[in-house]
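Heads up, the thing below is written out as structure tokens.
Whatever order the structure lists them in is the order used to number ligands and atoms, beginning at 1. We're numbering straight along the sequence, starting at 1. Atom set for the values below is all heavy atoms of this structure, side chains included, hydrogens, waters and symmetry mates excluded.
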Amino acid sequence: MSKTSHTPRVFSGVQPSGAMHLGNYLGALKKFAILQHEHECLYCIVDLHAITVWQDPTVLKQQTREIAAAYLASGVDPKKAIIYPQSNVRAHTELAWYFNCVARTGWVNRMTQFKDKAGKNTERASVGLYTYPVLQAADILAFKATHVPVGEDQKQHLELSRDIAQKFNNDFNVPDFFPLPEALTQGPGARVMSLRDGTAKMSKSDPSDNSRINLTDNADIIVKKFKKAKTDMGVMPAPGEDLSERPEVDNLISIYSALSEMNRKQVVAQFEGQGFGVFKPALADLAVEKLAPITLLMSRYLSDPDEIDRILLAGAEKAAEISEPIMRDVRKIIGFLGA
Ligand code: AQP
């Protein structure tokens, strides 16, 4: 992590908008457990982001617990890191409003994720979906977080968070009040693509379940999904071969690399010239080996929802203790009466 004048603090979140998948795990979760040993970390379940598209209220609660269980099962320790639901800490919504008044519409108009998620009919998308990246800036900066472990798809939003922090500091003449947060996206799992289309990211909302490996999939399903994964008529590439025209093969190599801790060169060298009939089962075995313990632990945590709720509510209290003094300063800086 690069140096900053602010105390390093890590913030990240996952939406409770569906089953977590291998992309969420490799792009975000896997880094969460590592970072908690070195830094103060807040890992939020971003339910306010989830409701930017319709969520059934009873399902939302269950999905919130499932994300918490996934955090815990991936090794996040509530004694070391703060785990909590976003809606339980008021600073998120309050700061989001202030930032709505700082951010420019031109900046938000450039966000590609809104265009992807809203599809053709942007007029029918919620206003919340449009201002989603502003709320994301508030999530991070309500804690003056300096580092944000995320997948590559979030890089543009992180740039916007930096722009908002910088503009707030300039507008109110408080240089360095907010840090300029940095995305931590390094690593081979930063951009896991769909198993059906190597040019689209693996996503919870993809209608095809075969496009992703869910953290709740059992061994048989994982094996079947990798077997069905799109490839081509060729064989595994040779070292140095250009894979720009073979995105699906490129993606499977990245997944193998991220799961095995081998670099891509080593993976390519190991499977050079072999058929997918050899590579795919090896990849499926590796995925089962790495994911099965997490799936098992998740189901154990989920069998005691009261305990999950206790962890989340205690986490929310700790998070509020950090954000409240920051919010008091923010209110004073803006010039609110009584602040
Ligand atoms: N395919 C991916 N590869 C690497 N990282 C990924 N992340 C998501 N997809 C990939 C990272 O996972 C974290 C949590 O993401 P999220 O659930 O909050 O939102 P998302 O990015 O919108 O994820 P999905 O799965 O694509 O959800 P839907 O389909 O609901 O939009 C983030 O750090 C993200 O970068």
Side-chain angles (χ1 to χ4, degrees), residues 10-35 41-56 59-60 63-64 66-68 70-71 74 76 83 85-86 92 111-119 125-126 128-129 132-133 135-136 139-140 145 147-161 181-209 211-217 229 247-248 250-252 254-255 257-259 287:
V10 171
F11 177 94
S12 195
V14 174
Q15 296 186 69
S17 53
M20 287 194 81
H21 53 73
L22 187 63
N24 298 135
Y25 174 68
L26 294 174
L29 243 74
K30 199 173 163 216
K31 297 175 195 153
F32 289 5
I34 298 168
L35 287 164
C41 296
L42 293 113
Y43 298 130
C44 188
I45 300 160
V46 288
D47 47 6
L48 298 174
H49 285 279
I51 62 164
T52 55
V53 297
W54 171 250
Q55 302 293 336
D56 181 304
V59 177
L60 181 65
Q63 285 177 172
T64 301
E66 277 174 19
I67 304 293
Y71 283 1
S74 322
V76 176
I83 310 177
Q86 187 185 24
H92 292 274
M111 296 297 113
T112 54
Q113 195 183 75
F114 175 73
K115 291 172 196 155
D116 293 345
K117 288 200 173 179
S126 71
L129 189 66
Y132 178 117
L135 175 59
Q136 196 170 341
D139 298 338
I140 300 162
H147 294 87
V148 188
V150 278
E152 265 181 17
D153 59 316
Q154 294 299 327
K155 260 186 160 170
Q156 193 188 34
H157 289 171
L158 256 291
E159 282 303 318
L160 183 80
S161 297
E182 255 180 60
L184 299 175
T185 53
Q186 299 86 343
R191 191 161 175 74
V192 179
M193 309 309 278
S194 156
L195 299 184
R196 309 298 302 156
D197 173 1
T199 62
K201 81 163 186 157
M202 185 176 284
S203 161
K204 295 188 199 91
S205 49
D206 191 315
S208 163
D209 194 55
S211 70
R212 64 185 160 260
I213 303 291
N214 301 308
L215 292 190
T216 46
D217 286 344
E248 286 82 14
D250 195 30
N251 182 41
L252 295 184
S254 290
I255 295 175
S257 161
L259 286 170

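The option with the heavy atom closest to atom 34 (C) of ligand 1, from among Asp153, Val150, Thr52, is Asp153. Distances from atom 24 (P) of ligand 1 to the heavy atoms of Arg212, Gln15, Lys201 put Lys201 nearest.
Both the backbone and the side chain of Ser205 come within contact range of ligand 1, each with a heavy atom under 4.0 Å.
In terms of protein heavy atoms, atom 17 (O) of ligand 1 is closest to Lys204 NZ, 2.1 Å. Nearest protein heavy-atom neighbour of atom 15 (O) of ligand 1: Asn24 ND2, 3.5 Å. Of the protein's non-hydrogen atoms, the one nearest atom 25 (O) of ligand 1 is His21 NE2, 2.6 Å. Among all non-hydrogen protein atoms, the one lying nearest atom 3 (N) of ligand 1 is Val192 N, 2.9 Å. At the shortest separation from atom 6 (C) of ligand 1 among protein heavy atoms lies Gly23 O, 3.4 Å.
Of the polar atoms of Gly151, at least one N or O is found under 3.5 Å from an N or O of ligand 1, judged by distance alone. Between Lys117 and ligand 1, a contact under 3.5 Å exists for at least one N or O pair. Checked by distance only, ligand 1 and Met193 stay at 3.5 Å or farther apart across all their nitrogen or oxygen atoms. When only interatomic distances are considered, the shortest N/O to N/O separation between Ser12 and ligand 1 does not fall below 3.5 Å.
Interface of Ser17 with ligand 1, defined as ligand atoms under 4.0 Å from a residue heavy atom, comprises 30 (O). Counting the atoms of ligand 1 from 1 in the order shown, those under 4.0 Å from a heavy atom of Ala190 are 3 (N), 4 (C), 5 (N). Atoms of ligand 1 lying under 4.0 Å from at least one heavy atom of Gly189, given by number and element, are 4 (C). Distances below 4.0 Å separate heavy atoms of Met202 from the following atoms of ligand 1: 1 (N), 2 (C), 9 (N). Short contacts between ligand 1 and Ser203, defined as distances under 4.0 Å to a heavy atom of the residue, involve ligand atoms 25 (O), 26 (O), 28 (P), 29 (O).
Tyr71 places no side-chain N or O within donor-acceptor distance of the main-chain N or O of Phe32, the cut-off being under 3.5 Å. In this structure, Gln86 contributes its side chain and Cys44 its backbone to no donor-acceptor pair below 3.5 Å. Not one N or O on the side chain of Thr185 forms a donor-acceptor pair closer than 3.5 Å with the backbone of Ala190.
For the pair Pro149 and Ser12, the tightest heavy-atom approach, listed with the atom from each and the gap, is O-OG, 2.8 Å.
Side-chain N/O atoms of Thr199 and Asp197 include a donor and acceptor closer than 3.5 Å.
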Item to check | Residue pair Arg191, Asp153: steps toward the side chain to side chain contact (heavy atoms under 4.5 Å, CB included) verdict | outcome: CA-CA 7 Å; Arg191 191 161 175 74; Asp153 59 316; 4.3 Å; yes
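The aromatic ring centroids of Tyr132 and Phe114 lie 6.0 Å or more from each other.
For the side chain to side chain contact (heavy atoms under 4.5 Å, CB included) test, residues two or more places apart in sequence or in another chain that qualify with Ser126 are Thr52, Leu129. By the side chain to side chain contact (heavy atoms under 4.5 Å, CB included) test, Asn214 is found to be paired with Ala19, His21, Asp209, Arg212, Thr216, Asp217, Lys225, residues two or more places apart in sequence or in another chain being considered.
Checked against His157 for a side chain to side chain donor-acceptor pair (under 3.5 Å), the options Lys155, Glu159, Gln154 give a single hit: Gln154.
Atom OG of Ser161 sits about 10.0 Å away from atom CG of Leu135, to the nearest 0.5 Å.
The closest approach between a heavy atom of His49 and any atom of ligand 1 is not below 4.0 Å.
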